[in-house]
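The structure appears below as structure tokens.
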Amino acid sequence: MSIPILKNLLPLLFLLILPVWSSTSNSTNESFLQCFSSHLQDSNSSLELVFTKNSSAYSSILNFTIRNLRFVNSSKPQFIITPFHESHIQAAVICSKKYDLQVRIRSGGHDYEGLSYVSDVVPFTIIDLVNLRSISIDIENKSAWVDSGAILGELYYKIAEKSKVYGFPAGSCPTMGVGGHFSGGGFGTIFRKYGLAADNVLDAKIVDVNGRLLNRTSMGEDLFWAIRGGGGSSFGVILSWQVRLVPVPPVVTTFNVQKTLEQGATEHFQKWQTVANKLHEDLFLHVVAGVANADPNGRKTIRLSFTCLFLGPVEKLLALMQDSFPELGVERNNCTEMSWIESVLYYAGFSTTNRLEVLLDRSPLTDIFMKAKSDYVQEPISNTGLEGLWQRLMEKEQSQLILTPYGGKMSQISDSETPFPHRFGNLYQIQYSITWDDDKETQENLMWMRRLYAYMAPYVSKSPREAYLNYRDLDLGENNKNNNTSYAQASTWGLKYFKNNFERLVHVKTLIDPGNFFKNEQSIPVLPS
Ligand SMILES: Cc1cc2nc3c(=O)[nH]c(=O)nc-3n(C[C@H](O)[C@H](O)[C@H](O)COP(=O)(O)OP(=O)(O)OC[C@H]3O[C@@H](n4cnc5c(N)ncnc54)[C@H](O)[C@@H]3O)c2cc1C
Ligand SMILES: *[C@@H]1O[C@H](CO)[C@@H](O)[C@H](O)[C@H]1NC(C)=O
Ligand SMILES: *[C@@H]1O[C@H](CO)[C@@H](O)[C@H](O)[C@H]1NC(C)=O
Ligand SMILES: *[C@@H]1O[C@H](CO)[C@@H](O)[C@H](O)[C@H]1NC(C)=O
Ligand SMILES: *[C@@H]1O[C@H](CO)[C@@H](O)[C@H](O)[C@H]1NC(C)=O
Ligand SMILES: *[C@@H]1O[C@H](CO)[C@@H](O)[C@H](O)[C@H]1NC(C)=O
Ligand SMILES: *[C@@H]1O[C@H](CO)[C@@H](O)[C@H](O)[C@H]1NC(C)=O
Ligand SMILES: *[C@@H]1O[C@H](CO)[C@@H](O)[C@H](O)[C@H]1NC(C)=O
Ligand SMILES: *[C@@H]1O[C@H](CO)[C@@H](O)[C@H](O)[C@H]1NC(C)=O
Ligand SMILES: *[C@@H]1O[C@H](CO)[C@@H](O)[C@H](O)[C@H]1NC(C)=O
Ligand SMILES: *[C@@H]1O[C@H](CO)[C@@H](O)[C@H](O)[C@H]1NC(C)=O
Ligand SMILES: *[C@@H]1O[C@H](CO)[C@@H](O)[C@H](O)[C@H]1NC(C)=O
């Protein structure tokens, strides 16, 4: 679906519908819309800004960035606001607050639990930043301003358009939104050298609960700290980010070497657990585990894909692999040299001969049901532990693990530098996921995932059992249901996502949004006064 559909509807709303409403009773609907239009400084009436359930484009706009079928039939917003300008966001915040409408903020819509477009409290408004996606690249100063509604693919594309020797350390899936990804951390194939997306933010613009537009200087260092890993949705609407571009070499090298259980996957994985986080920071070697056929009779096995991105030429990579992981047997013709932007295509699952324009495509590759969870591993998992893990994965063909090595730059940044606390001492992160395409399987698959997670408890980080905010999981402890955002309740998941940074996040939240306007099932709570 293309964007122009957003541009054909709204004049009707202001020009025709409002006058009709004003003669009826004073509903939230009409008051909110009156408030909203009266606050618009930029009242270009040919811009489509508000969609109600009566608007013909309402469903397509709502659906446009729903990335998980589990939430297509959830509660629906009263209004969807699609700002083109900062004043539209300011008006949306001021008027939602005035009329006690919950707000959901959506950039790319990839939230694993749909928190950017589903609300357990109704009525609610979605502020959807799909139209705020400008990007300006400043090669001379090695920086860029990126709007929250841009997707990562657009950012990578725009950088490559200007220079082949700069990149940005963020995630692999090009349709992810900048707003959620940066504010929750954001890691990708070069994070062992450069850290997270959030570690490379230089400035930001945010609309706070009072509708004020703030930058780094005017928001202060506490809030600027909080939005670089603490999640944006507790603090305000982040419009745009200034980020540091990072150098990448003209030639990078990839390989993907696969091992099934019959080919010694477990032994290779044992070695990987001890070396992956100690490899040269230019060398990213992650593992994707999934179910495969062991033979034509349908017997199942586990297949591990050892996939590499090396920031340099093949000779240097082969020498490093020979030094640290010769058992994997990587040879020259397993490797492909390419440019960094081609490696972005490669990790996004495209052929490297694809046109770069595929990175600009915002539509989802697939419509699926999905559930995911995360863990951090600090001691190698024993063979017994792995055997049980493989057995459980084999129960579900559509299960997958992504095992992401830490170390390098990630170990050099202190736990409290940003709210993202998973730094020194982690060997790797696990993402467990399962997908399915029939709603009838939903309950069973959620239960399966919870059993798998329970099984893994002895093998992963403890007290707290750490988790990655951007792999949002509403199973983690009790949630802020029924407007209950008590500290005790929130700390069950808060400590997992943020460890000791949780307390500082609560402190910042209490200062910046004491009335707890920006809230959801896992937003940072306000200290009782
Ligand atoms: C297919 C897929 C692949 C992924 N791969 C990676 C990966 O490689 N690396 C990685 O680190 N993560 C990855 N993730 C997780 C991803 O980082 C998070 O889902 C991230 O939050 C997505 O951002 P978004 O803007 O698309 O999400 P949204 O759903 O729009 O937002 C997520 C959260 O952030 C809030 N938010 C969004 N925009 C703003 C804003 N402008 N101001 C304030 N709050 C805001 C929302 O309210 C919501 O709470 C992946 C997710 C998916 C679905
Ligand atoms: C409708 O509500 C708004 C806000 O509460 C108020 O300012 C306005 O006077 C009301 N209008 C009528 C007709 O009651
Ligand atoms: C607003 O309009 C919707 C229908 O579009 C209705 O369900 C809802 O009750 C209205 N809200 C108020 C407060 O009048
Ligand atoms: C109003 O917005 C439209 C669509 O973006 C644009 O073409 C037009 O120039 C704008 N008009 C003014 C006065 O800004
Ligand atoms: C939607 O349209 C119906 C019928 O035209 C009307 O009765 C109702 O008030 C409208 N609601 C909103 C929120 O526009
Ligand atoms: C939105 O998605 C739901 C579920 O897939 C579907 O029933 C509905 O028709 C979609 N709406 C639009 C406008 O695409
Ligand atoms: C959503 O609800 C519609 C109508 O009840 C149903 O046909 C559809 O299958 C549901 N979709 C999902 C993904 O649950
Ligand atoms: C780089 O930054 C300096 C100082 O902020 C500024 O004067 C200059 O215009 C910037 N360069 C470009 C190309 O924007
Ligand atoms: C930040 O905002 C302040 C106050 O509006 C302004 O004076 C300052 O120039 C801004 N800083 C930057 C870097 O834009
Ligand atoms: C790696 O290269 C060797 C030698 O050409 C080949 O036998 C092997 O199949 C390759 N492995 C993969 C995973 O491509
Ligand atoms: C939630 O709680 C706050 C503070 O206790 C209160 O002001 C607000 O009205 C409540 N909101 C809802 C939707 O219950
Ligand atoms: C809120 O949660 C806390 C901690 O779980 C609980 O003690 C308290 O009773 C809850 N309050 C309400 C109003 O549900």
Side-chain angles (χ1 to χ4, degrees), residues 53 58-60 62-76 86-87 90 109 113-114 117-118 136 138 141 143-147 201-208 210-221 223-224 227 236 238-244 253-265 268-269 272 285-290 292 301-310 314-315 317-318 321-322 325-337 346 352 364 366-371 434-446:
K53 287 173 183 167
Y58 173 91
S59 298
S60 57
L62 181 60
N63 274 17
F64 184 53
T65 53
I66 292 185
R67 287 291 182 266
N68 192 335
L69 290 182
R70 276 200 297 143
F71 309 112
V72 291
N73 283 341
S74 301
S75 61
K76 300 275 189 277
E86 58 207 34
S87 66
Q90 293 173 296
E113 301 280 11
Y117 53 89
V118 172
S136 65
D138 178 353
N141 286 326
S143 68
W145 274 100
V146 195
D147 282 354
V201 171
L202 303 169
D203 200 342
K205 291 183 188 154
I206 185 172
V207 170
D208 76 357
N210 299 313
R212 290 182 304 171
L213 176 64
L214 306 172
N215 63 18
R216 179 173 183 168
T217 312
S218 47
M219 80 176 81
E221 287 302 303
L223 180 54
F224 184 63
I227 59 174
I238 301 147
L239 277 82
S240 58
W241 309 77
Q242 188 189 33
V243 296
R244 181 190 298 121
T253 308
T254 63
F255 68 74
N256 175 4
V257 168
Q258 304 186 336
K259 303 286 176 190
T260 61
L261 293 181
E262 292 71 24
Q263 295 164 332
H268 288 295
F269 189 75
W272 179 87
L285 178 57
H286 83 165
V287 177
V288 178
T301 187
I302 294 295
R303 181 169 56 214
L304 303 186
S305 299
F306 294 84
T307 310
C308 166
L309 176 71
F310 177 64
V314 64
E315 291 78 22
L317 169 60
L318 289 172
M321 288 302 292
Q322 192 54 42
F325 200 170
E327 297 86 347
L328 197 58
V330 174
E331 299 178 16
R332 176 177 293 266
N333 53 1
N334 304 135
C335 299
T336 311
E337 290 188 333
Y346 179 79
T352 53
T366 49
D367 268 338
I368 42 162
F369 294 85
M370 197 260 216
K371 173 65 191 172
I434 179 164
T435 57
W436 62 99
D437 53 22
D438 185 344
D439 191 29
K440 291 194 199 73
E441 297 167 32
T442 299
Q443 283 316 313
E444 185 201 324
N445 286 333
L446 294 179

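This one's a predicted model, so the numbers in the text were calculated from it and none came from an experiment. Index from 1, following the sequence. Whatever order the structure lists them in is the order used to number ligands and atoms, beginning at 1.
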- Going by atom types only, do Ser60 and Asn63 share a side-chain donor-acceptor pair under 3.5 Å? no
- Query: Side-chain donor-acceptor pair under 3.5 Å between Thr260 and Gln263, yes or no?
  - Reply: yes
- Mind checking what makes side chain to side chain contact (heavy atoms under 4.5 Å, CB included) contact with Asp439, not counting sequence neighbours? Phe369, Thr442
- Query: Looking at residues at least two apart in the chain, or sitting in another chain, which of them share a side chain to side chain contact (heavy atoms under 4.5 Å, CB included) with Lys371?
  - Reply: Arg70, Glu113, Lys373, Ile434, Trp436, Leu446, Met449, Asp473, Asp475
- Item | Asn215 N/O under 3.5 Å from ligand 9 N/O | yes
- Item | Between CG on residue Asp147 and OG on residue Ser240, distance to nearest 0.5 Å | 5.0 Å
- Over all atoms of both residues, closest heavy-atom pair of Trp272 and Leu285: NE1-O, 2.9 Å
- Message: Once you restrict to heavy atoms under 4.0 Å, what part of Leu214 touches ligand 9? Side chain, backbone, both or neither.
- Response: neither
- Just jot down the side chain to side chain donor-acceptor pair (under 3.5 Å) partners of Thr253, sequence neighbours excluded, or say none. none
- Task: Using a strict 4.0 Å cut-off to heavy atoms of Asp203, name the atoms of ligand 9 that fall inside it.
- Result: 13 (C)
- Message: Under a 3.5 Å distance rule, please check whether Lys259 uses its side chain to pair with a backbone N or O of Val257 as donor and acceptor.
- Response: no
- Against heavy atoms of Leu69, which atoms of ligand 7 measure under 4.0 Å? 13 (C)
List ligand 10's nitrogen or oxygen atoms that come under 3.5 Å of a protein nitrogen or oxygen, with the partner atom and distance.
from	atom 1	to	atom 2	distance (Å)
ligand 10	2 (O)	Asn333	OD1	3.3
ligand 10	2 (O)	Asn334	OD1	3.2
ligand 10	2 (O)	Asn334	ND2	2.4
ligand 10	5 (O)	Asn333	OD1	3.1
ligand 10	5 (O)	Asn333	ND2	2.9
ligand 10	11 (N)	Asn334	ND2	2.8
ligand 10	14 (O)	Asn334	ND2	3.2

